[in-house]
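Read the structure below first, then the notes.
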Amino acid sequence: MKKRFSFSTICVGGMLLLGACHPTASNTSSVSVEKMEGYPAPDTCLVKGVSALYAGTLDGQLVMAGGCNFPHVPVADGGKKVFYDDIYVAPLTEGTTLDWKLVGLLPEASAYGVTVATEEGLICVGGNTATRSLSDVYRLSLKEGVAQMDSLPSLPVTIDNMAGALLDNVLYIVGGNVNGIPASSVYSLNLAKLDEGWKEEIAVPGNPRVQPVCAAQGGKLYVWGGFSTAGEGREATLSVDGYVYTPATKEWKQVATPTDETGTAVSLGGGVALPLGEDAILCAGGVNKDIFLQALQGIHKGKEYLTRPVEWYQFNRKLLKYDIQKDEWTCLGDYEQGARAGAAMVSDGSSYYIINGELKPGIRTKDINRIKIK
């Protein structure tokens, strides 16, 4: 199997909106979380788990591709990050065992991009390799059980560590590092008019947003969280607020900030988000807003910061639901399995799969958990 070793997902514009986070009543929702068994390539470095991978569901199968980790020497000891190009699929069943098969390779070993599911396949956008940021866009599909990669119009810039979603056959890419600089930019590609290429939309208000989350629901695009490193005269920032974008009017409007059951704002930066039903969005994971901002500011740094126990980093354990009609957040429960940064979350229409991610800076998990919500 081919693998490559090399060196290296605030209140703005007014008042901070805090939506109520209500405990879930037993007669409204029930949540089950199941750990999936089976993992790709148990005899390789992948077995330590990866973060920032490309993932989705395709032809009734779970897809994992790319990603990165520190398989040999921990980052705290100066270890080098490894990027992967393997593409694996596993049939989805009611059982809890995944039977993985290698079906191909990405064009380059990469991570930190966006994967969006379409009827024709999974669209993989941008990301990083060991040496550069990417502008490449391609559609991943399966033909006779083998991965097929078809090129789509490239981004006009390189982007990594962004978020993305599909809305009315238009692919939106939000935030990330644009040409290496933290940004709140938004780019769109009409999949029915590929010849028109990418268009730059109105940027998300406020600070740059690296590793935000976004989801399309109800004909609109919702965005929360993200951070910005210091540099070129700007201070480090961490955003917890959210906005909704209406493509028809090209306007952004602030929406309720994620909160826990105590009303405390929750950072979804580095977390995941997907539509839930027809009028809600499911969110999980993300860094702790206070601890991570202090790290960005240099208050926590070096080996002392990187070698703390997992519990110290306080990644978000709350499984949250946002109601787009009520502009309100609900806590569906407290789950250690969701306390990840850089994980992937994909849906097969009935279940949600949280795949790998970081337990703490530099330390990944190979766990895959299935969430069912009734």
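- Residues Y352 and L282 are in side-chain contact: their nearest non-hydrogen atoms beyond the backbone lie under 4.5 Å apart.
- Between the N179 side chain and the T158 main chain, a donor and an acceptor come within less than 3.5 Å of each other.
- The existence of a salt bridge linking E196 and K199 is confirmed by a sub-4.0 Å separation between a basic side-chain nitrogen and an acidic carboxylate oxygen.
- Using a cutoff of 4.0 Å between basic side-chain nitrogens and carboxylate oxygens, E108 and R132 are scored as salt-bridged.
- Both V346 and Y39 sit in one connected hydrophobic cluster of ILVMFWY residues. Membership requires side-chain heavy atoms under 4.5 Å apart, directly or through other members.
- At distances below 3.5 Å, at least one donor-acceptor pair connects side-chain atoms of S347 with backbone N or O atoms of S351.
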Inset, instruction - Carefully, step by step, assess L332 and K321 under the rule side chain to side chain contact (heavy atoms under 4.5 Å, CB included). - result: CA-CA 7 Å; L332 298 181; K321 182 181 77 171; 4.1 Å; yes
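- Counting only distance, with no hydrogens or angles, the side chain of W198 and the backbone of P153 share a donor-acceptor pair below 3.5 Å.
- R317 has no carboxylate O lying under 4.0 Å from a charged side-chain N of E336, or vice versa, which leaves the two without a salt bridge.
- For NZ of K372, the number of neighbouring non-hydrogen atoms (other residues, nucleotides, ligands) closer than 6.0 Å is greater than 12.
- In terms of heavy-atom proximity, I355 sits nearest to A55 at CD1-CB, 4.0 Å.
- Interatomic distance, CG of L53 versus SG of C124, reported as 10.0 Å (0.5 Å rounding).
- The two residues C214 and L221 come nearest to each other via the heavy atoms SG-CD1, 4.4 Å.
- Remark: the backbone N or O of Q61 is not paired with any side-chain donor or acceptor of D59 at under 3.5 angstrom.
- Considering only heavy atoms from C-beta on, L152 stays 4.5 Å or farther from D150 through its side chain.
- Residues M149 and L106 have side chains in contact (heavy-atom distance under 4.5 Å, counting atoms from C-beta outward).
- A heavy-atom distance below 4.5 Å is found between the side chains of Y222 and I324.
- Using a 4.5 Å heavy-atom threshold, the side chains of L46 and Y84 count as touching.
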Inset, instruction - Could you please spell out the steps behind the salt bridge (Lys or Arg N to Asp or Glu O under 4.0 Å) verdict for R139 and E119? - result: CA-CA 11 Å; R139 182 185 287 115; E119 293 182 356; over 6 Å; no
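- In terms of modelled atom types and a separation under 3.5 Å, the side chain of K48 and the main chain of R364 share no donor-acceptor contact.
- Contact of the V137 side chain with the L155 side chain is registered, since non-hydrogen atoms from C-beta on lie closer than 4.5 Å.
- In this structure, SG on C68 lies 10.5 Å from CG on N356, to the nearest 0.5 angstrom.
- Contact record, F83 with A109: O-CB, 3.5 Å, taken as the closest heavy-atom pair.
- With sequence neighbours left out, S267 forms a side chain to side chain donor-acceptor pair (under 3.5 Å) with no residue at all.
- K318 pairs in a side chain to side chain donor-acceptor pair (under 3.5 Å) with only one of the listed residues (D260, D334, T259), which is D334.
- Judged by distance alone, the side chain of W224 and the main-chain N or O of S239 form no donor-acceptor pair under 3.5 Å.
- A salt bridge is defined here as a Lys NZ or Arg NE, NH1 or NH2 lying under 4.0 Å from an Asp or Glu carboxylate O, and D279 with K326 fails to meet this definition.
- Remark: aromatic rings of Y172 and Y187 are distant, center separation not under 6.0 Å.
- Residues R234 and P182 meet the side-chain proximity criterion, which asks for heavy atoms closer than 4.5 Å.
- A single hydrophobic cluster is not seen to contain both V310 and I354; linkage of ILVMFWY side chains at heavy-atom distances under 4.5 Å, directly or through other members, places them apart.
- Ring orientation note: the planes of Y243 and W252 are nearly perpendicular, at an angle over 60° on the 30°/60° scale.
- When each of R209, K253, K289 is paired with D241, the salt bridge (Lys or Arg N to Asp or Glu O under 4.0 Å) condition holds for R209 and for no other.
- Here the CG-CD distance, from L320 to E261, works out to 9.0 Å after rounding to the nearest 0.5 Å.
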Inset, instruction - Check the pair N288 / N316 against side chain to side chain contact (heavy atoms under 4.5 Å, CB included), numbers first and verdict last. - result: CA-CA 6 Å; N288 178 277; N316 173 40; over 6 Å; no
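- The distance from the CD atom of Q254 to the CG atom of D327 is 9.5 Å, given to the nearest 0.5 Å.
- Checking side-chain atoms of S184 against main-chain N and O of V204 turns up a donor-acceptor pair under 3.5 Å.
- Rounding to the nearest 0.5 Å places CD of Q211 at 12.5 Å from CG of L268.
- Linking Ile, Leu, Val, Met, Phe, Trp and Tyr whenever their side-chain heavy atoms come within less than 4.5 Å leaves V82 and V47 in two separate clusters.
- Residues W329 and V244 share a single hydrophobic cluster, defined by chaining ILVMFWY side chains whose heavy atoms lie under 4.5 Å apart.
- When every heavy atom of V223 is checked against every heavy atom of P212, the shortest pair comes out as CG1-CB, 4.2 Å.
- The shortest heavy-atom contact between Q217 and E278 is OE1-O, 3.4 Å.
- Panel note: side chain T118, backbone G121; a donor-acceptor pair is recorded below 3.5 Å.
- Side-chain atoms of S350 and D348, non-hydrogen and from C-beta on, do get closer than 4.5 Å to each other.
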Inset, instruction - Starting from the C-alpha separation in whole Å, work towards a yes-or-no answer on side chain to side chain contact (heavy atoms under 4.5 Å, CB included) for T229 and V210. - result: CA-CA 9 Å; T229 54; V210 176; over 6 Å; no
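- Separation of atoms OG1 (T365) and CG (N69) is listed at 11.5 Å; rounding is to 0.5 Å.
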Inset, instruction - Decide salt bridge (Lys or Arg N to Asp or Glu O under 4.0 Å) for E201 and K250; before the verdict, give the C-alpha distance in whole Å, the side-chain angles of both, and the deciding distance to 0.1 Å. - result: CA-CA 8 Å; E201 303 281 341; K250 296 189 179 299; 2.9 Å; yes
Inset, instruction - Start with the C-alpha distance between V73 and K80, add both sets of side-chain angles, then the distance that settles side chain to side chain contact (heavy atoms under 4.5 Å, CB included), and finish with yes or no. - result: CA-CA 7 Å; V73 179; K80 292 185 176 182; over 6 Å; no
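- L359 and V50 fall into different hydrophobic clusters, where Ile, Leu, Val, Met, Phe, Trp and Tyr residues are linked whenever their side-chain heavy atoms come under 4.5 Å apart, directly or through other members.
- The environment of E235 atom CD is sparse: at most 12 non-hydrogen atoms of other residues, nucleotides or ligands sit within 6.0 angstrom.
- The shortest non-hydrogen separation linking T237 to L293 is C-CD1, 4.0 Å.
- Between Y313 and Y305, the distance separating the two ring centers is shorter than 6.0 angstrom.
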